[in-house]
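To start, the structure itself, in structure tokens.
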Amino acid sequence: MNALDIHLLHDAAPEHFPDGFVWGVATSAFQIEGAARADGKGASIWDRFCRVPGAIADGSTGDVACDHVHRLEEDLNLIATLGVNAYRFSVSWPRVQPGGRGAWIERGLAFYDRLVDGLLSRGVQPYLTLNHWDLPVELQDAGGWAGRDTVHRFVDYAVGVAARLGDRVSAITTHNEPWVIATLGHETGEFAPGVRNRQVAMQVAHHLLLSHGLALQAMRDAGCPARLGIILNLAPIVPASSSEEDAALARLEDGRLVRWYMDPLFGRGYPADVWAHLGADVPCVHESDLAAIAAPMDYLGVNYYSRMVVGAGSGPDQLRAGAEFTEMGWEVYPAGLTELLLRLQRDYPVPPIVVTENGAAFADEMVDGRVRDPARTSYLARHIRAIADALVLGAPVAGYMVWSLIDNFEWTRGYTKRFGLVHVDYATQRRTLKDSGCWYRDFLVRCRALAQPAACAGSKSRP
Ligand code: FCB
């Protein structure tokens, strides 16, 4: 055992986690599926955005991606190899209901049947996300998330998917990271659909929340037995200096990233400071909307990658001097995950929290058929340890999922950033488990081993 292994064993200890803890890996449809126009699948706003010159770093598309649709069995076997007890995936709306309204495509639905049944037969709980950003283009052309009609289309889609798969999946999440859709998709325009208008962005955020609440209610009314929730990207926001100006900026950013979503989801309406700051850009909110948004959730998904440091000055960032950064330029800051989980528990009446994404991109190299990626292993081990710390301090954490199962299409970075536990050679679609994947697999073996002896000891003690 080398020094790094000893360090890791110390960092992430299986005995800190209760039996039944959810251990998973996550992906999303657009990033891995490929088969972009197969079997009558429609186009999504990301299919279109990839064609905008300069939008994607390497000029790539999701047309083939990891060819997951055609390699389902192989990928299911990879999931089983890791020994996780949960797998998070998303349904591509245009694959099952092209255009986002009307007829359903049986072959699209049948693909997700095979995925769900394949997981269950391997002892893996399916965690389904309804919207991981790939809105049908026809709905975008009819107003997209800025229009109220899309809210109703989404509710119909949610009920349709729940009717087909809801009896077999453990959990259904409405949206993945509404802040990203609203802010990066409609305010800065970096992401699809590439709109740059703050007023539109805030209306989009409101419609995403509203559609979440209405969909939860509709799925429950239809008798869906799965646990229902939403996934937010959250982070501690830290002022870059001790100036009052930076403190105010940090408070506002916290309002826009955390409280703008958490407050209405937990029945408090929109935060007054952000509302005042937005001026004429506040969204149009109908009378019953806030009650709908606050529909009770069975679990909350939280995606965590790093903390956010904000400041008005342009000088060097003293706070992060000497810090580690991933290939995305994101600071490695595991303590932020503990802080965040404790803060959510302190400030809100949260249901069980599942960390639905956490992981890192590094410049992996395949040498002699092997990817040695100790930096990723160390990142994961330290974040798992951060969750153990939060659990000890009383945060209601029920699960953890690594982003991602396999290298995939990383949005505007195309295929240039690799987050997978499994390496993908895009020329051949060959999959290779990285060292970090082996480490996660072995860590989960130890978790299971710990769960076993208690039962054995119990039966041995009987006369
Ligand atoms: C999250 C996204 C996920 C992936 C990771 C790196 O914001 O939900 O699809 O791109 O970032």
Side-chain angles (χ1 to χ4, degrees), residues 24-34 44-47 49-50 55-58 60-62 65-66 68 87-93 127-135 173-188 190-192 205 208 212 229-235 256-258 261 300-308 325-333 336-337 340 354-364 373 375-376 379-380 383 400-422 424 434 436:
V25 280
T27 62
S28 88
F30 190 81
Q31 294 175 275
I32 66 166
E33 283 183 355
S44 81
I45 56 173
W46 272 93
D47 286 306
F49 193 66
C50 288
I56 310 298
D58 56 2
S60 62
T61 69
C66 307
H68 170 68
Y87 174 66
R88 179 180 161 228
F89 65 96
S90 76
V91 171
S92 158
W93 189 348
Y127 272 64
L128 184 158
T129 300
L130 289 162
N131 171 27
H132 202 121
W133 309 350
D134 44 0
L135 186 75
T173 298
T174 51
H175 303 296
N176 177 70
E177 304 188 346
W179 178 90
V180 169
I181 301 172
T183 306
L184 302 188
H186 297 83
E187 185 171 339
T188 67
E190 289 156 77
F191 277 21
L208 287 166
H212 154 81
I230 192 169
I231 292 176
L232 305 179
N233 55 306
L234 302 176
R256 296 209 52 189
L257 180 76
V258 180
Y261 298 92
L300 173 69
V302 172
N303 294 349
Y304 177 81
Y305 289 90
S306 187
R307 66 175 168 176
M308 197 185 281
F325 293 88
T326 70
E327 273 284 295
M328 298 293 280
W330 299 345
E331 183 192 9
V332 179
Y333 190 70
L337 181 53
L340 174 67
V354 176
V355 175
T356 34
E357 284 182 29
N358 174 247
F362 288 108
D364 299 326
D373 57 342
R376 180 174 293 104
Y379 179 100
L380 298 176
H383 284 81
Y400 172 82
M401 300 187 182
V402 175
W403 183 271
S404 178
L405 168 68
I406 44 177
D407 292 340
N408 57 50
F409 176 81
E410 179 44 39
W411 309 112
T412 55
R413 312 294 185 102
Y415 298 97
T416 66
K417 300 291 178 240
R418 294 177 176 271
F419 273 90
L421 293 176
V422 174
V424 178
K434 300 178 192 176
S436 58

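Only this structure's heavy atoms are used, side chains among them; waters, hydrogens and symmetry mates stay out. Atoms within a ligand are numbered from 1 in the order they appear, just like the ligands themselves.
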Donor-acceptor contact below 3.5 Å, side chain S90 vs main chain A29: yes
Salt-bridge criterion met for R376 and D364 (N-O under 4.0 Å): yes
Verdict with supporting geometry, T416 and D58, side chain to side chain donor-acceptor pair (under 3.5 Å): CA-CA 7 Å; T416 66; D58 56 2; 5.4 Å; no
Electrostatic pair E327-R418, nearest N-O below 4.0 angstrom: no
Verdict with supporting geometry, L257 and N233, side-chain contact (heavy atoms from CB on, under 4.5 Å): CA-CA 8 Å; L257 180 76; N233 55 306; 3.8 Å; yes
Those residues that, when tested against H175, pass ring-ring contact (aromatic ring centres under 6.0 Å, His included) (two or more places apart): W145, F154
Per-ligand residue contacts, ligand 1, heavy-atom threshold under 4.0 Å: Q31, H132, W133, N176, E177, Y305, E357, W403, E410, W411, F419
